Structure formats: structure tokens, C-alpha cells
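All figures in this text were calculated on a predicted structure; none of them were measured in a lab.
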Amino acid sequence: VELMELMKKTAAELSEMLTKKEVSAVELTQAALARTAETDEKVGAYITVAGQQAIEAAETIDNKRAAGEALSPLAGIPVAIKDNICTEGLLTTCASKMLYNFVPPYNATVIEKLSAHGAVITGKCNMDEFAMGSSCENSAMKVTHNPHGLNHVPGGSSGGSAAVVAAGEVPLSLGSDTGGSIRQPAAFCGVVGLKPTYGAVSRYGLIAFASSLDQIGPFARTVEDAALLMDAITGYDPQHDSTSVQTPFEGSLRAGLNANVKGLRIGLPKEYFGAGISDEVRSSVLAAAETYRSLGAEVFEISLPLVEYALPIYYILSSAEASSNLARFDGVKYGYRAEGCEELLDIYVKSRSQGFGQEVQRRIMLGTYVLSSGYYDAYYKKARAAQRKIRAEFAGAFEKCDVILTPVAPTTAYELGSRTADPLEMYAGDICTVSVNIAGLPALVQPCGFDGGKLPIGMQLIGPRFGEQTLMNAGLAFEQASGLRNLIAAL
């Protein structure tokens, strides 16, 4: 098989080729690295490429396979990792000057799990600094471009993880999602992204932005591939993450895939299709709803009136948590320390002023403000109360429907630099995604069409807690009916 052709295949196809020994893990890793060398100058998806480590990991897998060991379907498959997930011995920067030289002495739980499955980690992907942003333009390291339109943003904060899959550099990657950071880049880059139920995947070793909202999840080019990666990373982590739980679909999402959606009840919340959503996005998602109808699903309008409060709730809660989570980066223990400081306070002030970018500083200040005496009750406490109401509203909706279908973002990928001047306009782009994190629900994003400029349009399927299998099945049904799968940008 021609090496470059390998990178056009899905993870499931590559897994089968590896099993049949039609290709070795080393050849596959070399193909991934060759594709990266060829395209990543244009795309800028990686901060760190771990070429040598990847080849060594692949050699280990080939030796195990030659010795006749039973291996996971992921064994030998290249996977890229968002740069806020700790990887032992491999630079983990959060795309921030603050952690420019941080090499973790330990692995995140998801990395341990991937290693146990024999996945080959190819490197660390660019992102918005500390996962704060929706365009990947807040990285202190570099700019990532959307592979489907190089002068457009890939989305954020997991922009590098989405772009690396869309560019055909690897078949799979991991991102993290606090308010849409997996789903919006998946939509912008025309790939599949899953934000799992809160607690389904251990957060140990994920450098925290907002601990009650963050969740690690997969990027892939097909629903089956996303299920394959998700099967490897889910699970209860009693040792390291007390918020993780035992899931009903433990490791069985791929085996449980079934594209029959007859009788599936799909709700279309009218609030998600209102003003601000571009006509192309709206009509593409509504066309997807018609596809479901033709496959025998029941599709009907529902209402989620509290969703309009989701953005302010999200920015209050996430900034409050960010302000306390990022307090540890003080120029003393590790990471960036400012030069020429006379005393301790000086170290703190200068290191944080120089080490954090503008967006991170903005959110730390907002978060510190809403937690401060006199404002805590007015903002933070109210946002928590409103969060409970949004959770209850979704729970009520899921009594009537099995999944909820919505747009992912109001527009397709916008041009680089077009929104950096106005943070509020950037925040408004999260309107369709943040409520899912506030409610702790799972949501699957996949391509459902293209706009006039040939940029991908994504759709979002939201499920009840631990409804991942239902989401994957509904996603698979649409993927088969539409043929929109395994989209690789022609770079």
C-alpha cells in the first residue's frame, strides 16, 4: 500500500490492516509523520511532534504482534493529543508562555489508557491558551489554520486536535471540551467530535480550566472511529478522579453501533434556530432533520427557553473556576518566571502579567470579580442556581425526546483575525454549545453539509446523561444516509 494512501483510511480500516499484517505499526507511524512533514507547515496543528517516541512505541507494538499477543483494535494507530493533557517526558505547554518548558513527570489517566491499548502518540496539538477561546488564535505558540480553508480559523480551543484529523495527519486525536471546545472545532473542520457525559472520562492529568465543566473527548473522521477511541478512554478512575464514574457503556460503544433510528424521537429546540444563526447553517441542520424523518425517526419542535441564559451562566462559572485553578501558576514552582524581581509579590505580579496572554488575564479578572466579597451572591451564586434550572429543563426535554438536534455554531469557520478585536462577539459563538457543559450532558458533532465557500457545516446531537450509545447510533444513521464521512481536506 502506498504510504500516503494509508492516511486517507479510517482508524477502523487501519486497525484491520494491522491485524491482517498488511501494514506494520512502524509503517503506519512513518506515514503519519510523513504526512505531517508535508502538510503541517501550512496547517500548524502541532506544537510538538514526538517522532522518535512514536516510532519506538510502534516498534513495541510490531514486536508484540509478531509474538502472537492479543492486541487492542487501537494498537499501532497514531493518535495526537491536545497540549493540555499531561504526557510524561513530553512537553505539555497549554499553548502558554506560562508553561513553555513544562515536561510532566506523569501521564494523564487517558494517556495511561491509550498506552495500555497500544495507541501510538504522535505529538501535542495547538490550542487556545489554557483552553480559553473559540478560534485557536489565543495560542502563545503559533496560529493553526483550518485545513478546509487556510485563511479561516479551525475553531477552538481544541483547534489543533481537530485540524490534525481533518488534514489527514492522524486518524484520531484527543481534545477537551469546557464550553464547546471539541464540538465547535469539529464542526469548523468537518470531523466527528464527542463531548462525553461529565464524569465518563477521567480528568486526571488534564490541566484544569473549569473543573466542573471540563471533559476530555475524541476527534475522528467517522462515528465508528470516535466510538473506537471513546471505548479506550472511558471509565471510573477511583485513584485519581473522584468525579469520574462507572459508565453503562464501558468499552462497548463500537460493538453496540446500530444505524436503525426507526421511532427515535428527535427534538428540535426552536431557540437554537432563531436570530443569529446563519441561513446556510440553519437550512443544513434542518435538512439533516428531514433525513432523519425519511429514516423513520419522529422529529418535532421543542422549547428550551432557559438556553438564552446559558452564555452568561457559563462565563461566570467557568471564569470563577479558572481564576482559582490558575492561581497555582505564580512563577515560583515551575513554568515561566519573570526576570529581575526584587521581592515575592514582584515575582507573582510580573510572572503572571508576562506569562498569561490577554484572554486568560481577562477571564482570571472576571472570575476573581464574580467570586469577590459583595459580588459572590449577585453573580456566582445566581449562576449556580440558574445552572440547576437548565439541568432540570434538559431533563424535562428528555422525557419527550431521545436526542436533541441543533446547530453547533451560528456560522461556519470565520476568517483568521476577523473576531479578535471583539471578545464578546467571539463569546457569542458559543451560544449553541455551552448549555451542554452546564448540564453535564453528552453531545456528538458531525458534518452535515458545506457552505457556499466549501467550508464544512456541523450538526450537534445532544443526549441525556450517559446517552452516548444512542448518540453514536443516531450519528451513524445520518453518516450512512448522507455519505458525509472521512472528509479529508485537499491540501
Subject >> side-chain hydrogen bond (donor to acceptor under 3.5 Å, both in side chains) contacts in which one or both residues fall within residues 385-394, not counting sequence neighbours >> reply: Arg384-Gln387
Original post:
Can Lys82 and Ser157 be said to form a side chain to side chain donor-acceptor pair (under 3.5 Å), step by step?
Top reply: CA-CA 9 Å; Lys82 186 175 179 179; Ser157 63; 2.8 Å; yes
Original post:
What's the verdict on side chain to side chain donor-acceptor pair (under 3.5 Å) for Ser96 and Glu129, showing C-alpha distance, side-chain angles and the deciding distance?
Top reply: CA-CA 5 Å; Ser96 177; Glu129 183 183 359; 2.7 Å; yes
Subject >> Pairs meeting criterion side-chain hydrogen bond (donor to acceptor under 3.5 Å, both in side chains) with involvement of residues 448-466, two or more places apart >> reply: Arg183-Gln460, Thr406-Gln460, Thr412-Asp451
**OP:** Look at the aromatic rings of Tyr315 and Tyr427 and report parallel, tilted or perpendicular, splitting at 30° and 60°.
**Re:** parallel
Original post:
Where does the angle between the aromatic ring planes of Phe249 and Phe466 fall among parallel (under 30°), tilted (30 to 60°) and perpendicular (over 60°)?
Top reply: tilted
Original post:
Would you call the rings of Phe356 and Phe130 parallel, tilted or perpendicular, where under 30° means parallel and over 60° means perpendicular?
Top reply: perpendicular
Original post:
Should we say atom CD of Gln358 is surrounded by more than 12 heavy atoms from elsewhere, each under 6.0 Å from it?
Top reply: no
Original post:
For the side chain of Glu321 and the backbone of Ser212, is there at least one donor-acceptor N/O pair under 3.5 Å apart?
Top reply: yes
Original post:
Does the side chain of Met472 reach to within under 4.5 Å of the side chain of Leu194, using non-hydrogen atoms?
Top reply: yes
Subject >> Verdict with reasoning, Arg265 to Asp402, per salt bridge (Lys or Arg N to Asp or Glu O under 4.0 Å) >> reply: CA-CA 5 Å; Arg265 299 169 305 164; Asp402 304 306; 3.1 Å; yes
**OP:** Apply salt bridge (Lys or Arg N to Asp or Glu O under 4.0 Å) to the pair Lys195 and Asp177, showing each step before the final yes or no.
**Re:** CA-CA 6 Å; Lys195 182 257 162 208; Asp177 190 309; over 6 Å; no
Original post:
Where do Asp128 and Ser139 land on the side chain to side chain donor-acceptor pair (under 3.5 Å) test, with the steps shown first?
Top reply: CA-CA 5 Å; Asp128 283 296; Ser139 167; over 6 Å; no
Original post:
Taking atom NE2 of His148 and atom CZ of Phe188, what is their separation to the nearest 0.5 Å?
Top reply: 13.0 Å
Original post:
Side chains of Leu213 and Tyr314: closer than 4.5 Å at any heavy-atom pair?
Top reply: yes
Subject >> With Asp237, the side-chain hydrogen bond (donor to acceptor under 3.5 Å, both in side chains) member among Ser202, Ser242, Ser244 >> reply: Ser202
Subject >> Non-hydrogen side-chain atoms of Val43 and Val164 separated by less than 4.5 Å >> reply: no
Subject >> Interatomic distance, Glu169 atom CD to Thr122 atom OG1 [nearest 0.5 angstrom] >> reply: 8.5 Å
Subject >> Val285 vs Cys448 side-chain heavy atoms within contact, under 4.5 Å >> reply: yes
**OP:** Please name all residues satisfying salt bridge (Lys or Arg N to Asp or Glu O under 4.0 Å) with Glu16, sequence neighbours left out, ordered by chain then number.
**Re:** Lys20
